[in-house]
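Here the structure is laid out as structure tokens; the discussion comes afterwards.
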There are 2 protein chains.
Amino acid sequence: MGDIRQNQQDSSGSPELRWGVERRLEFLEFRLFWEGRFNRKDIVEFFGVSNPQASADIHRYQDLAPNNIRYDGSQKFFVRGDDFKPILITPDANRYLAQLRSISDGVLAPRETWVAKTPAFDAVPLPRRTVDPKRLLSILEAIHTGSAIQVQYQSMTRPEPTWRWITPHALGFDGFRWHARAYCHLDKIFKDFLIPRILGTRKTKPHDIDASNDHAWQQTITFKIGPNPNLTPTQQTVVELDYGMKNGVLEIETRLAFSYYLRKRLGLDVDPSLRDASDQHIVLLNSDEIDVSQQSVLEGDSNA
Amino acid sequence: MGDIRQNQQDSSGSPELRWGVERRLEFLEFRLFWEGRFNRKDIVEFFGVSNPQASADIHRYQDLAPNNIRYDGSQKFFVRGDDFKPILITPDANRYLAQLRSISDGVLAPRETWVAKTPAFDAVPLPRRTVDPKRLLSILEAIHTGSAIQVQYQSMTRPEPTWRWITPHALGFDGFRWHARAYCHLDKIFKDFLIPRILGTRKTKPHDIDASNDHAWQQTITFKIGPNPNLTPTQQTVVELDYGMKNGVLEIETRLAFSYYLRKRLGLDVDPSLRDASDQHIVLLNSDEIDVSQQSVLEGDSNA
DNA sequence: TTTGGTACATTAAGTTTCTTAACTGGTCAA
DNA sequence: TTGACCAGTTAAGAAACTTAATGTACCAAA
């Protein structure tokens with residue numbers, strides 16, 4: 001009693017399966033949905049189970065959803081039934097595509113994903129430096145324990161990397177790179193420290209920095225964007241659809257500390273008049289507001 | 001015989017574990033590395049196994065790597081041993097960070113990842129329309145079976161979405177959005193079709209389009225980038241480190257069809273003189289070459 | 001100092017999952 | 001028609017896993 005599986009069984013009413021079995025059935029259903037077919041061999045190889053076990057799994061799935069699966073004797077594989085309805089997974093396009101991206105980013109090996117018939121695909125390459133996991137770990141530990149940590153950081157301003165104490169309290173992804181949001185005990189302000197520029201870490205120590213004083217991190221700002229007015233009315237409508245705008249406006253809320261990056265990422269850092277509208281579909285509607293807020297951040301010199 | 005697990009056992013020599021057991025031991029080691037600790041309860045809850053089983057797993061891991069793990073009676077959890085060395089996983093910073101991104105992208109629920117002590121973190125938000133999995137599936141099926149498919153596409157040029165036949169042969173991610181690389185039977189050229197702008201699909205049919213004729217997709221181009229010369233020498237050195245440049249140059253090869261996107265993504269689509277060097281760290285060294293190639297693509301009007 | 005709570009440990013009996021081993025059947029291509 | 005391939009099956013036994021009950025160490029609150 002008090003066992004989580006027991007609870008699940010109680011609440012759902014369906015016969016509870018063991019974790020491994022459930023993964024295999026989900027795998028099978030995933031393949032059925034996205035690829036329309038699978039072989040018993042797929043299960044045997046992916047999970048390292050025996051033939052009889054794979055057969056048993058397939059039967060089990062057949063019992064759960066008789067219409068979802070059919071064996072095609074001439075093609076020699078199991079195929080999606082005509083009125084297939086997933087019962088274990090909720091197919092998610094973004095999730096499927098994220099798996100492809102993980103492959104192209106080198107984060108996952110094709111064999112680790114459930115995708116078998118990878119479509120021909122490619123992604124715009126992004127140069128990226130590898131990060132030593134132990135270095136990232138030091139930062140994470142400092143965040144978790146709330147300590148200051150001494151890091152050797154290569155800043156843009158000093159030719160040689162320097163050792164300094166920082167108190168990291170969060171990680172941030174600017175769309176390109178990861179950085180640690182931290183209080184710099186050298187410059188006495190909160191800044192972003194790019195993880196790959198942290199060349200080494202030494203000891204940690206307690207401190208009395210309160211992350212809630214990192215205003216640029218805690219406070220948010222709302223970008224109001226609209227279609228580029230230099231586009232034709234038709235094009236503007238399409239852009240509105242693309243971005244899910246309402247009445248020609250999309251509001252995007254983000255941390256003040258991300259304002260600079262978001263602007264850059266959306267191409268809003270360049271005067272629209274300098275670019276062809278077909279190259280820059282959206283414009284910033286409240287640039288005055290954003291400018292002011294961004295200025296207030298820059299006064300804290302947020303770019304390390 | 002011919003069984004993959006058998007083979008693994010033969011080749012590695014170590015006692016082969018079942019898939020589920022191995023996942024749990026990896027989970028445990030993952031937690032030890034990245035978070036320094038775990039509770040037996042974590043295993044019980046994540047995998048839905050019983051207390052004795054979780055204890056057995058922990059002991060099994062202890063047998064495999066006695067120095068990696070220690071129980072802290074007063075803190076009431078298992079902690080990383082002093083000379084911890086992972087034996088089942090190879091810690092990968094990018095992989096860890098990719099999990100965080102998946103969470104913030106909504107692709108994975110926090111409970112689905114192995115990260116328990118999520119550090120405070122955030123990412124620059126990107127507006128994105130959700131894609132109906134069935135629509136993506138139709139495209140994938142057309143790619144796999146090599147068929148033409150009739151799609152209702154919202155182009156930038158026509159106010160109303162139109163039905164047209166396309167022959168998709170690959171998916172592409174431009175750093176922002178996914179599109180299908182396809183031959184358009186209406187315009188008689190290969191183009192990019194943004195997946196979210198495909199509003200519906202109808203039937204499929206055979207065709208005689210050869211993807212190898214999609215030159216902009218098949219051919220590649222090499223970007224040569226260097227540090228922005230308007231930066232100070234020190235800054236230029238840092239940028240070289242950031243991008244892993246050799247002798248001040250980084251070569252990035254990409255498909256011709258991605259040339260436009262890559263340029264935009266790297267901020268190389270705007271004249272560097274219009275921007276402060278601190279806002280644009282890199283410049284394109286072979287823009288003449290790129291311009292010419294890009295022009296040749298545009299003649300095929302690659303922007304749908 | 002006792003009391004209670006929590007988290008881990010362990011044992012025993014029994015169930016489910018899974019393996020090995022040996023065998024059958026259908027389809028297709030050489 | 002033979003072989004290759006992929007599926008299916010059965011039976012015996014091993015491994016993994018469960019429930020149930022009980023014990024122990026540590027800490028914090030009464």
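Residue numbers start from 1 in every chain, and the chains themselves are labelled A, B, ... in the order their sequence lines are given, proteins ahead of strands.
In this structure, the CG atom of Asn51(B) is 9 Å from the P atom of dA9(C), given to the nearest Å. If you take CD of Gln53(A) and C1' of dA14(D), they are 13 Å apart, rounded to a whole angstrom. Atom CZ of Arg24(B) and atom C1' of dA15(D) are 12 Å apart (whole Å). In this structure, the CD atom of Glu22(B) is 12 Å from the P atom of dA16(D), given to the nearest Å. We find that CD1 of Ile58(A) is positioned 13 Å from C1' of dT9(D), with the value rounded to whole Å.
Counting atom types as modelled, Arg40(A) pairs a side-chain N or O with a base atom of dA7(D) as donor and acceptor under 3.5 Å.
Classified by interplanar angle (parallel below 30°, tilted 30° to 60°, perpendicular above 60°), the ring pair His207(B)/His185(B) is perpendicular.
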Under 3.5 Å, sequence neighbours excluded: what are the donor-acceptor pairs made by side chains of residues 52-60 of chain A?
| from | atom 1 | to | atom 2 | distance (Å) |
| --- | --- | --- | --- | --- |
| Gln53(A) | NE2 | Asp57(A) | OD1 | 3.3 |
| Ser55(A) | OG | Arg40(A) | NH1 | 2.7 |
| Asp57(A) | OD1 | Arg24(A) | NH2 | 3.3 |
| Asp57(A) | OD2 | Arg24(A) | NE | 2.4 |
| Asp57(A) | OD2 | Arg24(A) | NH2 | 3.2 |
| His59(A) | ND1 | Ser55(A) | O | 3.4 |

Tabulate protein N/O versus nucleotide N/O from nucleotides 26-28 of chain C, keeping only pairs under 3.5 Å, one per line.
| from | atom 1 | to | atom 2 | distance (Å) |
| --- | --- | --- | --- | --- |
| dT27(C) | O2 | Lys76(A) | NZ | 3.2 |

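A donor atom on one side chain and an acceptor atom on the other are found under 3.5 Å apart for Asn68(A) and Tyr61(A).
The rotation axes computed at either terminus of the helix from dT1(C)-dA30(D) to dA30(C)-dT1(D) lie 30° apart, taking five pairs at each end and rounding to 10 degrees.
Side chain of Asp72(A) to main chain of Gln75(A): a donor-acceptor pair is present (N/O by atom type, distance under 3.5 Å, no hydrogens or angles). For the pair Arg135(B) (side chain) and Leu199(B) (backbone), a donor-acceptor distance under 3.5 Å is present.
Here side-chain hydrogen bond (donor to acceptor under 3.5 Å, both in side chains) pairs that include residues 137-149 of chain A, with residues two or more places apart or in two chains, are Ser138(A)-Thr201(A), Glu141(A)-Arg80(B), Thr145(A)-Ser147(A). Under the side-chain hydrogen bond (donor to acceptor under 3.5 Å, both in side chains) criterion, the residue pairs touching residues 84-108 of chain B are Glu112(A)-Arg95(B), with sequence neighbours excluded.
Within residues 25-36 of chain A, no residue has any heavy atom under 4.0 Å from DNA chain C.
Cation-pi geometry between Arg202(B) and Trp163(B) is met: under 6.0 angstrom from the ring centre, within 45 degrees of the axis.
Note on Tyr71(B): only backbone sugar-phosphate atoms sit closer than 4.0 angstrom, heavy atoms only; bases stay farther off.
Considering only side-chain atoms of Arg18(B), the nucleotide from dG8(D), dT10(C), dA16(D) that sits closest is dA16(D). When each of dG8(D), dT11(C), dT17(C) is scored by its nearest atom to the side-chain atoms of Ser55(A), the top-ranked nucleotide is dG8(D).
Other residues, nucleotides and ligands contribute over 12 non-hydrogen atoms within 6.0 Å of the NZ atom of Lys117(B).
Toward the 5' end of DNA chain C, the nearer of the two residues Gly20(A) and Phe38(B), judged by each one's closest nucleotide, is Phe38(B).
Taking 4.0 Å as the cut-off between side-chain N and carboxylate O, Arg70(A) and Asp82(A) count as a salt-bridged pair.
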